[in-house]
Amino acid sequence: MPEQTHADNVLDVAAGLILRPDGQLLLGQRPEGKPWSGWWELPGGKLEPGETVLQALARELDEELGIQVTEATRWVTYVHAYPHTTVRLAFCRVTKWEGEPRGRENQRLEWVDPAHATEVGDVLPATLPPLRWLQLPGTYGISNIGRPQDLPAFLQRLDAALADGLRLVQLREPGWPDGPDAASLQGALQAVLQRCRRAGAQVLVNSAHPRAWWAQADGVHLRSADAAAMVGQAAALRAALSPQARIGVSTHDRGQVAIARELGADFVVAGPVAATASHPGEAGVGWDGFEAIIADAGVPAYAIGGQGPETLASAREHGAHGVAAIRAVFR
């Protein structure tokens with residue numbers, strides 16, 4: 001993906017989310033004499049000519065904090081317009097480093113829980129989105145119940161996945177039989193919701209299913225065609241959901257990602273990276289294709305297609321927030 005573009009008067013910045021194993025995130029307070037002094041932000045700085053994002057990040061964190069990055073991955077590229085400048089922020093996860101962070105530019109530092117980071121004080125507007133994104137789980141499980149008589153077996157697999165830490169589930173049952181059995185899918189949704197809420201997990205309903213169900217759950221996952229049909233209806237979409245609901249969108253190209261962003265999606269699912277049994281005859285885009293789809297996405301992306309918990313680290317090396325899967329999650 002492009003690392004640096006100045007022709008459009010956008011300032012390219014590498015920003016680091018320095019994360020401890022316990023999930024705590026490092027924020028720095030802008031010192032006196034700088035614009036937005038006293039506000040809290042993620043450490044980082046602008047790219048110098050010829051630098052990649054990760055090279056700029058490593059240099060900036062050494063200069064600002066005195067640490068040497070040993071493990072970092074690209075995450076989300078996000079454009080934010082301030083009153084006098086527009087910045088393209090390449091957010092990166094930093095999970096290993098040498099040295100103890102210290103404010104080498106007289107800035108205060110604080111380790112915070114991302115879910116409560118604003119309690120430390122005023123946070124720069126461009127820092128707020130990644131604080132929300134960090135609360136998305138790394139694994140997104142997609143249901144595969146199939147038929148009413150298969151529900152008990154699926155619920156057992158769901159219980160096992162929840163016990164293993166699964167915290168985001170999509171109810172997607174396009175093959176559920178019509179006729180007398182159709183109404184039983186709502187009962188299946190209630191059974192899934194009950195188990196997930198007991199475990200602290202969220203459930204999204206695929207847009208193939210009735211809109212009335214979206215608000216009963218924790219949000220909706222829009223098929224790409226359904227998202228395209230809702231262009232210009234972002235406000236109506238949010239109004240149909242509960243205030244804290246999440247919106248996910250399936251995407252296969254950059255145009256569909258742009259639609260997802262317009263609709264205010266919390267994340268996208270991009271791919272398939274590799275061919276899958278659930279989409280026979282559909283070739284995978286590969287990791288280069290995945291990176292092309294999510295370039296400048298502005299929201300986190302889950303990789304789908306041949307993915308599972310065991311590929312999470314690899315997916316993150318290619319810019320994914322996490323992985324989405326059916327069989328690899330519900331074994």
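A distance of 11.0 Å separates OG of S207 from CD1 of I247, quoted to the nearest 0.5 Å. In this structure, L171 CG and H209 NE2 are separated by 5.0 Å, a value rounded to the nearest 0.5 Å. Atoms CG and CG, on L54 and L47 in that order, are 9.5 Å from each other to the nearest 0.5 Å. We find the CD1-CG distance between I145 and D150 to be 9.0 Å, quoted to the nearest 0.5 Å. Considering CG of D218 and CG of L241, their distance stands at 10.5 Å, rounded to 0.5 Å. Taking CG of L237 as the reference point, atom CG of L222 lies at 6.0 Å (rounded to 0.5 Å).
Closest heavy-atom contact between A245 and G219: CB-CA, 3.9 Å. Contact detail for G322 and L312: the closest heavy-atom pair is CA-CD1, 3.6 Å. When all heavy atoms of A301 and F290 are compared, the closest pair comes out as CB-CZ, 4.3 Å. Taking all atoms of both residues into account, the shortest heavy-atom contact from G271 to I293 is N-CD1, 4.3 Å.
One side chain, E173 or S143, offers a donor N or O that lies under 3.5 Å from an acceptor on the other. Inspection of the T73 and E317 side chains reveals no N or O donor paired with an N or O acceptor under 3.5 Å. Between the side chains of H221 and S250, at least one donor N or O lies within less than 3.5 Å of an accepting N or O.
Residue pairs meeting the side chain to side chain donor-acceptor pair (under 3.5 Å) criterion with at least one member in residues 22-33, sequence neighbours excluded: R20-D22, R30-E41. Residue pairs meeting the ring pair (Phe, Tyr, Trp, His ring centres under 6.0 Å) criterion with at least one partner in residues 22-56, sequence neighbours excluded, are W36-W39, W36-Y82.
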**OP:** Report the C-alpha separation of E310 and R331 in whole Å, then their side-chain angles, then the decisive distance to 0.1 Å, and conclude whether the salt bridge (Lys or Arg N to Asp or Glu O under 4.0 Å) test is met.
**Re:** CA-CA 13 Å; E310 69 282 356; R331 299 182 187 275; 3.4 Å; yes

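For Q186 (side chain) and A183 (main-chain N/O), no donor-acceptor pair under 3.5 Å exists by modelled atom type. Side chain of Q55 to backbone of T52: a donor-acceptor contact under 3.5 angstrom is found. In terms of modelled atom types and a separation under 3.5 Å, the side chain of R93 and the main chain of R316 share no donor-acceptor contact. Remark: the backbone N or O of V269 is paired with a side-chain donor or acceptor of T251 at under 3.5 angstrom. Listed for the R167 side chain is a donor-acceptor partner under 3.5 Å among the backbone atoms of A199.
In this structure Q107 satisfies the side chain to side chain contact (heavy atoms under 4.5 Å, CB included) test together with P31, E64, L65, E105, L109, sequence neighbours excluded.
A salt bridge between R195 and D159 is present, with a side-chain N of the basic residue lying under 4.0 Å from a carboxylate O of the acidic one. Taking 4.0 Å as the cut-off between side-chain N and carboxylate O, D62 and R59 do not count as a salt-bridged pair. A salt bridge links R238 to D266: at least one charged side-chain nitrogen sits closer than 4.0 Å to a carboxylate oxygen.
Test W133, Y140, W75 against F267 for ring-ring contact (aromatic ring centres under 6.0 Å, His included) and you get one pass: Y140.
For CZ of R104, the number of neighbouring non-hydrogen atoms (other residues, nucleotides, ligands) closer than 6.0 Å is greater than 12. Residue-environment remark: CD (Q244) stays at or below the threshold of 12 foreign heavy atoms within 6.0 Å.
Residues V329 and L166 meet the side-chain proximity criterion, which asks for heavy atoms closer than 4.5 Å.
Between H321 and Y302, the distance from one ring center to the other falls under 6.0 angstrom.
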